[in-house]
Chemist: 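One structure is given below, represented as structure tokens, and several questions about it will come after.
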Amino acid sequence: MNRLALPFALALAQGIAAQSHLVADFYPGPTGSGVAEIAVLGDLAIFATIDPVAGTVLRAYDSTSGVTSAVAVLDATPPFTAPSGLTTVGSRVVMAWGDSTTGVELWATDGTASGTGLVLDIRPGTFGSGPSGFGVVDGVCYFSAASSGGNFELWRTDGTAVGTFLVAEINSSPTAGSVPSGFTKLGTTGSFLFAATDTATGRELWISDGTSAGTSLVKDIVPGPGGPLSSNPSFLIAFDDLVYFATGGEMWVSDGTAGGTVAVTSSALSPRNFVVHGSELLFLGSDGLHGTELWKSDGSAAGTSLVADINPGTFGSGPAYLTAVGGRWVFFAATTSFGNELWRTDGTAVNTELFQDIWTGSTSSSPACNSSLTENARFAVMPNGQMLFVANDGTHGAEPFVYGTGVFAESTSFGIPCAGLSLHATTPWLESTVALTTSFIPATSPFSIDILSLTGIDPGIDLTFLDMPGCYLYCLLDVLLPFVGTGTVVVPFAIPDDPTWLGAVIHGQTLSFVPGINPFGAITSNAVTMSVGDL
């Protein structure tokens, strides 16, 4: 018996339609309002718009109400400039911005007009200290700034004046400085790794515990004074209590010691924009055959491989801004058919697909955000699951968009198995096939049934009255999927590409008939709860 269509269709009529929509057309017309970066501050998304009428305006989008308000007019006198490096530190967003009085300095906002302003005039005068390279480690934001001349060195801030000060002067040159960047936490050591330049070694890998005495060179990977021959560590990321990075077209890893800083890949892949995906790293790579495409690695050379050839040929799709949203990763990529548009992946080729063609056809909407924020730029993901990014739909110019379902796919277990019978379900995304995996089916079982229902029963109905002691019924018998097999058997269950399924919660359980195992001759598994989502 399979009564899937009727009960599921009726209950799913209350589903949520998936869509991206414009937040607001801040500067009407095809030009766009110049939004380049978005920072998440609680339920607020903080960004700046620029246009000849309003000037530079700091704004806040409230993800709970969908309302956008003007926080403060930063500049009403042209030429207008936008703040850069928007980075959330505690209850504030810090940024680099400047006016004609201070030059570019460290600013911050708490999302209110009164809480927006200069944090510290690091370099007094109109030239400014030029803060850049912001990175947060254990609640402290580290950055590069120059208190005089071009001596850009390692600074820190918590978003307050008293909490903003020089950490270490790595390169004492009055004209160059160490220009530190890529600050990345190193496991539980209390230290972080970053890239910095000094006269003796060039741009190499450094470590710091946030103090001057605790700041030192990790390894001169390319020995010598540097220049173009330095290793220039880039795209640093924490993974498995280590830090991975790119240098010389290869992937490297470091444990914070010279001996523990070694190459992972021996061939040139030109890896960049690493992100952590479960037990793997996703990144952009180019092997000379596929152009720049999406790759993955478990941290070893043997475990490094191409995920998907999105735009076949040597040019590649150039995936960028990989961002975790729910159980998948969102990014933008360019193809001949769709132009530069929004894609998603779960780290497998079969589930790497076009997500939204915002400017339909082959013209690019070029979705992006935080283009100058960090080396691993991100879309802005709100606590309720909304995703903000900047795109051009062909009518409004480049303006903020929000993908607003906030419906994440999830698969969890509850209840207890009877006689060891176990059920597991993979993540139920729209337009995917869920694998219902039943394990420990006794060898004497002639057949089993996977039961699916929109109604779960927790803590379950004790089936002792049916002569099945230790067994429980955890869901109604709405859908029955019989199968034959013992040991471990996988039964596929297709989720259609239908937005009315979004938010549906499906409960499942396995019933295996096993003659003689109890008076009734059957056992039940634990239950699974599958929440259907699009990300």
Side-chain angles (χ1 to χ4, degrees), residues 1-13 15 350-351 409-498 500-533:
M1 178 177 64
N2 187 329
R3 297 186 286 129
L4 172 66
L6 181 58
F8 276 35
L10 290 176
L12 293 174
V350 68
N351 285 325
E410 186 179 24
S411 178
T412 58
S413 297
F414 71 96
I416 59 174
C418 181
L421 192 66
S422 174
L423 178 64
H424 171 77
T426 54
T427 309
W429 289 303
L430 281 186
E431 198 183 6
S432 71
T433 299
V434 176
L436 299 169
T437 303
T438 304
S439 302
F440 307 111
I441 304 172
T444 56
S445 173
F447 73 97
S448 302
I449 300 173
D450 279 336
I451 305 165
L452 298 176
S453 176
L454 293 171
T455 303
I457 306 171
D458 190 3
I461 299 174
D462 188 342
L463 299 180
T464 301
F465 73 97
L466 290 179
D467 289 330
M468 297 170 61
C471 299
Y472 293 84
L473 181 66
Y474 292 113
C475 62
L476 299 185
L477 281 64
D478 287 330
V479 178
L480 304 181
L481 305 175
F483 64 90
V484 175
T486 60
T488 298
V489 177
V490 178
V491 175
F493 172 60
I495 306 293
D497 184 18
D498 181 349
T500 59
W501 281 69
L502 282 174
V505 178
I506 304 169
H507 306 279
Q509 186 177 13
T510 301
L511 173 70
S512 288
F513 290 91
V514 186
I517 199 166
N518 54 38
F520 187 82
I523 54 176
T524 56
S525 72
N526 60 288
V528 293
T529 297
M530 297 168 281
S531 301
V532 180

Chemist: S512 and side-chain hydrogen bond (donor to acceptor under 3.5 Å, both in side chains): which partner among S445, S525, S448?
Modeler: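 When S445, S525, S448 are each tested with S512, the side-chain hydrogen bond (donor to acceptor under 3.5 Å, both in side chains) holds only for S448.
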Chemist: In the structure I gave you, are the side-chain heavy atoms of V490 and L436 within less than 4.5 Å of one another anywhere?
Modeler: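 No; the side chains remain at least 4.5 Å from each other.
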Chemist: Check residues 410-424 and write down every donor-acceptor pair under 3.5 Å in which the side-chain atom is one partner and the other belongs to a residue at least two apart or another chain.
Modeler:
unit_1: S411; atom_1: OG; unit_2: A425; atom_2: O; d: 2.8

Chemist: Are more than 12 heavy atoms from other residues, nucleotides or ligands located less than 6.0 Å from atom CZ of F440?
Modeler: no
Chemist: Side chains of V532 and L430: closer than 4.5 Å at any heavy-atom pair?
Modeler: yes
Chemist: Just wondering, do T510 and T524 contact through their side chains at under 4.5 Å, heavy atoms?
Modeler: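 When only atoms from C-beta onward are counted, T510 and T524 do not touch, as no gap falls below 4.5 Å.
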Chemist: Are I449 and L481 close enough, and set up right, to give a side chain to side chain contact (heavy atoms under 4.5 Å, CB included), and what steps lead you there?
Modeler: CA-CA 5 Å; I449 300 173; L481 305 175; 5.7 Å; no
Chemist: Which heavy atom in P515 sits nearest to a heavy atom in T444, and how many Å separate them?
Modeler: CD-O, 3.6 Å
Chemist: Say you draw a straight line from CH2 of W429 to CG of N351; how long is it, rounded to the nearest 0.5 Å?
Modeler: 6.0 Å
Chemist: Look at the side chain of Q509 and the backbone N and O of Y472, then say whether any donor-acceptor pair between them is shorter than 3.5 Å.
Modeler: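 At least one qualifying donor-acceptor pair exists.
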Chemist: Can you see whether H507 engages S453 through a side-chain donor-acceptor pair at a distance of less than 3.5 angstrom?
Modeler: no
Chemist: Does the N518 side chain pair with the main chain of F520, one donor and one acceptor, at a distance under 3.5 Å?
Modeler: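 Yes: the side chain of N518 pairs with the backbone of F520.
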Chemist: I need the L476 CG to L473 CG distance, nearest 0.5 Å.
Modeler: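 These two atoms lie 7.5 Å from each other.
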Chemist: Verify, without hydrogens or angle tests, whether T486 (side chain) and I441 (backbone) share a donor-acceptor contact under 3.5 angstrom.
Modeler: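 Not a single qualifying donor-acceptor pair exists.
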Chemist: Shortest non-hydrogen contact from T433 to P492?
Modeler: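 Between these two residues, the closest heavy atoms are CG2-CB, 3.6 Å.
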Chemist: Within the 4.5 Å heavy-atom criterion, are D450 and T438 side-chain neighbours or not?
Modeler: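 Side chain of D450 against side chain of T438, heavy atoms only: contact under 4.5 Å found.
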Chemist: Could you walk me through whether I451 and V479 pass side chain to side chain contact (heavy atoms under 4.5 Å, CB included), step by step?
Modeler: CA-CA 6 Å; I451 305 165; V479 178; over 6 Å; no
Chemist: Between I461 and Y474, is there a side-chain heavy-atom distance shorter than 4.5 Å?
Modeler: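 No; the side chains remain at least 4.5 Å from each other.
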Chemist: Go through F447 and F483 one step at a time and tell me if the ring-ring contact (aromatic ring centres under 6.0 Å, His included) criterion holds.
Modeler: CA-CA 6 Å; F447 73 97; F483 64 90; 9.0 Å; no
Chemist: Determine the minimum heavy-atom distance between C471 and I523, stating which atoms define it.
Modeler: SG-CA, 3.8 Å
Chemist: Under the side chain to side chain contact (heavy atoms under 4.5 Å, CB included) rule, what do I495 and W501 come out as? Steps first, then yes or no, please.
Modeler: CA-CA 8 Å; I495 306 293; W501 281 69; 4.1 Å; yes
Chemist: Within this structure, what is the CG-CG distance for the pair L477 and L511, rounded to the nearest 0.5 Å?
Modeler: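 Answer rounded to 0.5 Å: 8.0 Å.
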